[in-house]
Amino acid sequence: MSISCQKKDKIFHLQTPNTSYVMGVLDNKHLLHLYYGKRIDEYCCILDNFPISGESAFSPIDIPEHFMSTNMLPMEYPCYGSADFRSPAFHAEYEDGSSVTCFEYESYKIFSGKKKLPGLPATYVEEDSEADTLEITLCDHLTGIRVVLSYTVFNHIDAIAKSVQVKNEGAQTVTVKSALSSTVHLFDKNYEFVHLEGAWARERSIQKRPLLNGVMQIDSKRVSSSHHHSPFIALARPYATETQGDVYGFSFVYSGNHIEQVEVNEFDVARVQVGINPFGFGWQLIPGETFQTPEVILTYSDEGFGKMSRTYHKLYRTRLVRGKYREEERPVLINNWEATYMDFNEEKIMKIAEKAQSVGIDLMVLDDGWFGKRNSDNCSLGDWVVDRNKLPNGIESLATKVNELGMQFGLWFEPEMISEDSDLYRKYPDWCVHIDGRKRIPARQQLTLDLTKEEVRDYIVEAVCSVLKSAPISYVKWDYNRNVTEIGSKSLPPERQQEFAHRYVLGVYEVLERITSAFPEVLFEGCSGGGGRFDAGMLYYYPQYWTSDNTDGVERLSIQHGTSMVMPASTMGAHVSAVPNHQVGRNTPLLFRGHVAMAGQFGYELDLNTLSEEEIDLVKEQLAQYKDIRNVIQKGEMYRLASPFEGRNTSWEYVYEDRVVLIYYTICARSTLGKTCIKLCGLDEHATYVETTSGKEYRGSYLMNVGLYFEDKKDYDSFLLVFKKQ
Ligand code: GLA
């Protein structure tokens, strides 16, 4: 059992293979967070060796027996209104207008396995023996509000899943203004706040800044996890690197408004919190109702960022992604978007497919523009009926013809959206998110459907399913190309309007669950103008995600490097596109673009008919090489050996069973500076590794300590080496 409760002092000790998380109950019934970090055998005492001392002047001494103030305590689930003046995890308004809550420890329960979170994505176990769960109940006796804090400890992965259930067991209606999923305390402030910032076509750049006293925060108020701030932070020692130093990771399994913040108080204690953004949030709980928060996945690594990422990769690849494509190798696809945009017909698509089939591509994806009268992005979203002008024989005929080539067929949808110029809008003008009397602000000339409405959700399920039933479609690209404005819904009474943002996200999850479970054979790829909303919540429904609309090889190095902080390679859609690149105009060699895309779910996004014979030969080689190494990249342990954020080159390594793939990219050549040394990681020191092209043999200890030297001779140069362990 990875969870123990020492009854005398009420100390809860959670142990993963290499980490410990400890809480304790003070004699006044406050639940405290006492430790998170490297695994310890035992935590002995609460007060004799307490990490905080000193007088909290101007803070009431509300625990006179120990001359303490709650304001100096590491409260495990802090609530608003007590003597703790820092950011609470819980804040509610009661019928008399007051908003003071005071949680006291009540009981606990430990069991094997992990419960599902109703209506929410979450990590899971297949056998109860994979994890243990602790539930601790706190109670506010005056109002009858109880919170059940849940901690699932994975037995073979250094991860803890935390979530909270708020139960109204009192007699009055309560409005929950904030119910965060996790609070953790670190007992000094010598950390950097690390997060993934971005924008459209520039997703997930790694940002680091030192913690200072006060609040440091990232968030989203877009009803989407967004391109701008991924729902993830790490707290890392300033000296932490890819291979050493303490790093704490917090990854939120949620796709809507989120907040990740650290508050450092006057004692230099850092309170780290993650949850649904309290901004604009309010949730009414009538007596007997419960509110479930999404979960946060915590991990601690004493071997730098690399180990933190590998923990997330393993957990998300094996116990968050579901369905047949979790294990099965995914098809290599070709997508027509950058080849034709919306200007296509059946003949053009078939020509692209035929050429793709001749080089060994498995799946032809038809992107935006196949429905309604969609020749530009100003119309037809919502009208999921084929445009017979472009495809006179319909989707079924096109899909069948593609199948006859020996390829699978895939289709693009953007089901959460509606164009003002659409039959759907003409019929149901009030199905979009809007506030009566206010302008409906379009973005990319479209509005968002109101997924808090049951009839809208049913429409989406019916519309998408009927297309999927009508033709042999093996793959769906599910896009989402704007963020929500004019928030509110007539489906909700005035006192529940602040529930909209979370209810929208629950609506998306419901629709995705219904559609993906009705078509378990179909491979779903998520997308939101590239990698907006590419979060852990979405991976529960889509095993892969279009990482960015930016397909330039150089830009992609940073985007994929940043994304890999949390997301495994098996989830990152990555395509070779044409040059000059459509987003940044850069010319890079096909070899380089191929090597960049091979570090994810490989595909092409161009018309192969425009390539020369030599280029087509190279495409054939790329496909053969990718198919040979893809299980190493998809299932292997990833090591980031050189970062595009720090230098002129990038290098990634993947280790799976007896094979190793090393990719080295020169972004920018340099002169007279010697060579770049790349030391491999994760090998067996005493084993011999053969580099498969040259037949050269190396000992693991040589590759890891002496390393291999690369010359940065040419811009956009790249090497992919495969080693086999003897
Ligand atoms: C978004 C996607 C692109 C493409 C277009 C189609 O921008 O990210 O890949 O599908 O929509 O409109």
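Numbering starts at 1 and runs along the sequence shown. Heavy atoms only: backbone and side chains are in, while hydrogens, waters and symmetry mates are out. For ligands, and for the atoms within them, numbers begin at 1 and follow the listed sequence.
Heavy-atom contacts of Trp546 reach the following atoms of ligand 1: 8 (O), 9 (O) (cutoff under 4.0 Å). Set against the non-hydrogen atoms of Cys527, the atoms of ligand 1 under 4.0 Å away are 2 (C), 8 (O). Atoms of ligand 1 lying under 4.0 Å from at least one heavy atom of Gly530, given by number and element, are 8 (O).
Checked against a 6.0 Å centroid threshold, the rings of Trp478 and Phe524 do not count as neighbours. When ring centroids are compared, Phe344 and Trp337 stay outside the 6.0 Å threshold. Close placement of the Tyr665 and Trp652 rings is indicated, their centers lying within 6.0 Å of each other.
The protein atom (non-hydrogen) at minimum distance from atom 8 (O) of ligand 1 is Asp549 OD1, 2.5 Å. Nearest protein neighbour of atom 4 (C) of ligand 1, counting heavy atoms only, is Asp367 OD1, 3.4 Å. In terms of protein heavy atoms, atom 1 (C) of ligand 1 is closest to Asp479 OD2, 3.0 Å. Closest protein heavy atom to atom 9 (O) of ligand 1: Lys477 NZ, 2.7 Å.
Closest heavy-atom contact between Ile473 and Val467: CD1-O, 3.6 Å.
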Point to revise | Stepwise side-chain contact (heavy atoms from CB on, under 4.5 Å) check, Glu354 with Met350 | key: CA-CA 6 Å; Glu354 279 157 17; Met350 283 311 295; 4.1 Å; yes
**Study point:** Derivation of the side-chain contact (heavy atoms from CB on, under 4.5 Å) call for Thr551 and Tyr604
**Key:** CA-CA 10 Å; Thr551 55; Tyr604 290 82; over 6 Å; no
Practice item. Run the numbers on His258 and Glu260 for side-chain hydrogen bond (donor to acceptor under 3.5 Å, both in side chains), then give the verdict. Key: CA-CA 7 Å; His258 59 93; Glu260 290 73 25; 2.8 Å; yes
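For ligand 1, the polar-atom distance check finds no N/O of Trp200 at less than 3.5 Å from any of the ligand's N/O atoms.
Of the candidates Asp368, Asp377, Val365, the one placing a heavy atom closest to atom 6 (C) of ligand 1 is Asp368.
Side-chain atoms of Lys351 do not come within 3.5 Å of backbone N or O of Asp607 as any donor-acceptor pair.
Residue contact annotation: His575 has no non-hydrogen atom under 4.0 Å from ligand 1.
The proximity of Arg444 to ligand 1, defined as any non-hydrogen pair under 4.0 Å, is limited to the side chain. With a 4.0 Å heavy-atom cut-off, ligand 1 is reached by the side chain of Asn481 but not by its N, CA, C or O.
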